2 protein chains.
Amino acid sequence: MIQKKITIKDIARKANVSIATVSNVLNNKGRVSTKTANKIKQIIEQDGYTPNLSARSLKNKNSHLLSVIVPYLHKGEFQDKPYFWQVITGIESGARNENFHVMLTGISDDENLSFIEERHLDGIIVIGIDKNSNLLEKIINLNKPCVFMDSYLDDEKLYQVHSNDRLGGYLGTKHLISLGYNKIILISGITGKIKKQSGVDYQRYLGYRQALAEARIPYSDQLVFEEGQTMVNGYYSAQKILGCLDDNTAIFVLSDIGAMGLIRGLNELGVTVPTDISVMGYDDIFYTNYMVPSLTTIKQDIFNKGQKAIDLLLAQIKGNSLEERKISLPVELRIRESTIKRSR
Amino acid sequence: MIQKKITIKDIARKANVSIATVSNVLNNKGRVSTKTANKIKQIIEQDGYTPNLSARSLKNKNSHLLSVIVPYLHKGEFQDKPYFWQVITGIESGARNENFHVMLTGISDDENLSFIEERHLDGIIVIGIDKNSNLLEKIINLNKPCVFMDSYLDDEKLYQVHSNDRLGGYLGTKHLISLGYNKIILISGITGKIKKQSGVDYQRYLGYRQALAEARIPYSDQLVFEEGQTMVNGYYSAQKILGCLDDNTAIFVLSDIGAMGLIRGLNELGVTVPTDISVMGYDDIFYTNYMVPSLTTIKQDIFNKGQKAIDLLLAQIKGNSLEERKISLPVELRIRESTIKRSR
DNA sequence: TTGTATGCGTTATCAT
DNA sequence: ATGATAACGCATACAA
């Protein structure tokens with residue numbers, strides 16, 4: 001039952017050629033007559049030979065394996081992050097097209113990256129890393145093909161993909177202002193990022209400020225809340241902002257998931273969206289259009305973002321030089337039911 | 001800059017021993033004096049040596065790599081399946097604890113499984129495969145450690161994990177009946193499964209029938225709808241069932257995601273949940289508790305289910321014989337806002 | 001155009 | 001207790 005795996009040696013014997021010739025056929029190195037090539041191909045087909053990737057990897061020092069790394073995502077925390085799923089889905093899809101496989105790797109606190117070298121990974125994609133973290137330094141020192149998503153790193157040498165977060169923050173804020181509100185609460189999804197002036201949330205915050213400035217609405221620190229990035233965090237922030245609410249107020253949450261939690265939280269406090277208050281989110285994850293009320297949000301094409309990242313990564317791996325190492329994708333305002341015109 | 005990777009040979013030279021000794025230390029084969037062992041360990045630590053897994057894999061024919069396979073999940077379809085993500089999160093978490101990595105692999109139509117052997121994968125976990133598919137046969141023929149989730153396969157030799165779906169169907173139906181309804185619409189998430197009498201949905205259907213029978217409510221084929229398993233499918237089923245609704249009616253959707261879509265669809269048709277009609281879901285994905293209205297559902301501990309699967313798989317890989325090859329996990333009714341007592 | 005021989009880094013068998 | 005060496009399956013430099 002346990003049949004030994006077929007190797008190029010077996011194929012070579014059967015075809016009365018040397019293993020080198022078989023190898024050449026396998027890798028399309030030319031230098032083989034079409035006649036013997038065909039014979040060999042046929043035998044390969046017939047016997048269902050497939051290469052041993054471990055051996056190949058040992059020899060070539062590559063693996064056709066990639067890894068997606070999400071820093072500071074602890075065990076079990078993947079489940080309520082639809083944004084990540086969507087990115088990863090895009091990555092996996094693009095990778096599969098090019099015969100690469102994707103490993104899903106949460107990074108624990110120990111920040112142990114040894115598996116990247118041990119497994120001869122061909123490249124990695126890092127989502128949302130902080131520009132001052134020492135994990136970043138570790139990763140750069142690996143000297144592996146790498147793409148950073150949603151990270152806003154200063155180093156011009158690094159390959160990066162993100163959407164136009166500043167514009168997103170601007171468009172969202174402007175939308176709320178245009179509805180007649182002049183007190184816009186901003187709820188950030190990632191704690192401390194705005195203060196540390198880094199990451200996507202800071203960019204969105206800059207857009208927020210720009211829109212305020214254009215409308216000549218004075219900025220107030222009191223209206224900016226930095227909560228965590230989960231649904232539960234959004235839920236609890238309802239209580240914190242309850243005191244701020246009046247007819248003039250609208251809320252911009254920098255993630256859909258946070259907005260969902262917030263809406264639920266407000267609801268339990270007797271505040272209904274959008275009749276009592278307008279709330280908008282950010283990301284346009286799959287569910288926003290099906291909520292009741294459906295959620296006004298900033299749409300980014302998350303799936304496409306994942307694909308762009310994999311494109312960048314594969315280009316590096318294949319050694320194609322790229323003009324532009326930084327890709328910024330468009331964003332778009334999606335007006336739905338959760339935001340309405342100010343009534344009075 | 002490109003420093004060659006440190007190998008066992010380098011360590012051996014530095015320690016004035018042979019590579020065999022280093023290898024023995026590495027693998028705790030004993031037969032090495034504690035003195036030299038310690039010296040070697042120190043050098044390993046100092047130089048930051050990590051083993052080359054490709055070489056190891058070539059030699060040992062294993063890889064410490066697992067794969068999760070979701071049949072018939074096409075490219076890009078991962079994103080709106082919170083259930084899968086939750087399972088996978090559990091799997092990844094359990095794997096990481098045991099130093100295994102997880103590859104995420106959607107299977108395309110060609111059903112090409114060659115990567116499993118090519119990469120010397122140590123095992124695979126398959127979610128929701130049909131008992132009559134030829135993919136199943138292919139997988140069994142691989143003769144690899146394998147765990148099937150949510151599949152209800154007859155072969156007693158196979159390792160399987162699922163929750164008590166029949167009970168779930170029963171509890172949900174009974175709940176709706178107990179609220180005073182005697183016309184229970186059942187919306188299945190997977191097309192054709194009930195007719196083909198296979199899979200989780202068929203089990204839940206059996207529970208549904210059992211609950212009806214106990215309550216002496218006649219069963220009607222007209223009330224059972226087989227839609228697809230996405231949110232959009234749930235959304236469109238609203239129109240299809242609109243004609244069936246009356247004061248006596250409640251709806252049991254066999255997935256939360258479908259229930260969400262349905263509730264939205266009903267809403268657009270002027271039907272409000274729960275005041276106009278009670279709707280319940282199945283799975284208890286992370287969002288159900290935060291919806292407005294929150295969703296009554298059948299809770300299964302999805303994360304735990306993933307962990308149980310990985311436990312079963314690792315036991316096989318390590319050659320531990322197991323008494324019980326089939327694990328059935330409990331389910332639980334979670335009553336929330338989307339179902340209310342019949343008013344008249 | 002094809003074959004021979006070597007090495008990738010590891011484990012394991014057999015000596016010493 | 002330790003060392004020499006073969007083997008895993010493949011790719012490639014070099015020879016023929």
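The chains referred to below are lettered A, B, ... by the order of the sequence lines, with proteins before strands, and numbering in each begins at 1. These numbers come from the heavy atoms of this one structure, side chains and all, not from hydrogens, waters or symmetry mates. What you see is a predicted model; the values in this text were computed from it and never measured.
- Residues forming a ring pair (Phe, Tyr, Trp, His ring centres under 6.0 Å) with A:Phe100 (at least two apart in sequence, or on another chain): A:His64.
- An OP1 or OP2 oxygen of D:dT12 is reached within less than 4.0 angstrom by no side-chain nitrogen or oxygen of A:Asn24.
- Partners of B:Ser57 under the side chain to side chain contact (heavy atoms under 4.5 Å, CB included) rule, at least two apart in sequence or in another chain, are A:Ser54, B:Ser63, B:His120.
- In this structure, the ring pair (Phe, Tyr, Trp, His ring centres under 6.0 Å) partners of B:Tyr152, at least two apart in sequence or on a different chain, are B:His162.
- With sequence neighbours excluded, no residue satisfies salt bridge (charged side-chain N to carboxylate O under 4.0 Å, His left out) with A:Lys308.
- At the heavy-atom level, A:Thr7 lies under 4.0 Å from the strands shown only through sugar-phosphate atoms.
- We find that NZ of B:Lys61 is positioned 12 Å from P of C:dA12, with the value rounded to whole Å.
- Atom CD1 of A:Ile8 and atom P of D:dC10 are 5 Å apart (whole Å).
- Note on the helix from C:dT1-D:dA16 to C:dT16-D:dA1: terminal axis deviation equals 40°, with five pairs used at each end and the result rounded to 10°.
- Residue B:Lys5 is tested with B:Asn52, B:Thr50, B:Asp10 for a side-chain hydrogen bond (donor to acceptor under 3.5 Å, both in side chains); the sole match is B:Thr50.
- Nearest nucleotide to the B:Leu58 side chain, out of D:dT2, D:dC8, C:dT10: D:dC8.
- At a threshold of 4.0 angstrom between heavy atoms, the contacts of A:Ser54 with the nucleic acid are absent.
- Between the P atom of C:dG9 and the CG atom of B:Asn60 lies a distance of 16 Å, rounded to the nearest Å.
- Across all strands, B:Thr36 comes closer than 4.0 Å only to sugar-phosphate atoms, never to a base (heavy-atom distances).
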Between the protein and nucleotides 4-7 of chain C, which nitrogen or oxygen pairs come in under 3.5 angstrom?
| unit_1 | atom_1 | unit_2 | atom_2 | d |
| --- | --- | --- | --- | --- |
| C:dG7 | N2 | A:Lys59 | NZ | 2.8 |
| C:dG7 | N3 | A:Lys59 | NZ | 3.3 |

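- For the pair A:Asn16 and B:Asn52, nearest-nucleotide mapping onto DNA chain C gives the more 5' position to A:Asn16.
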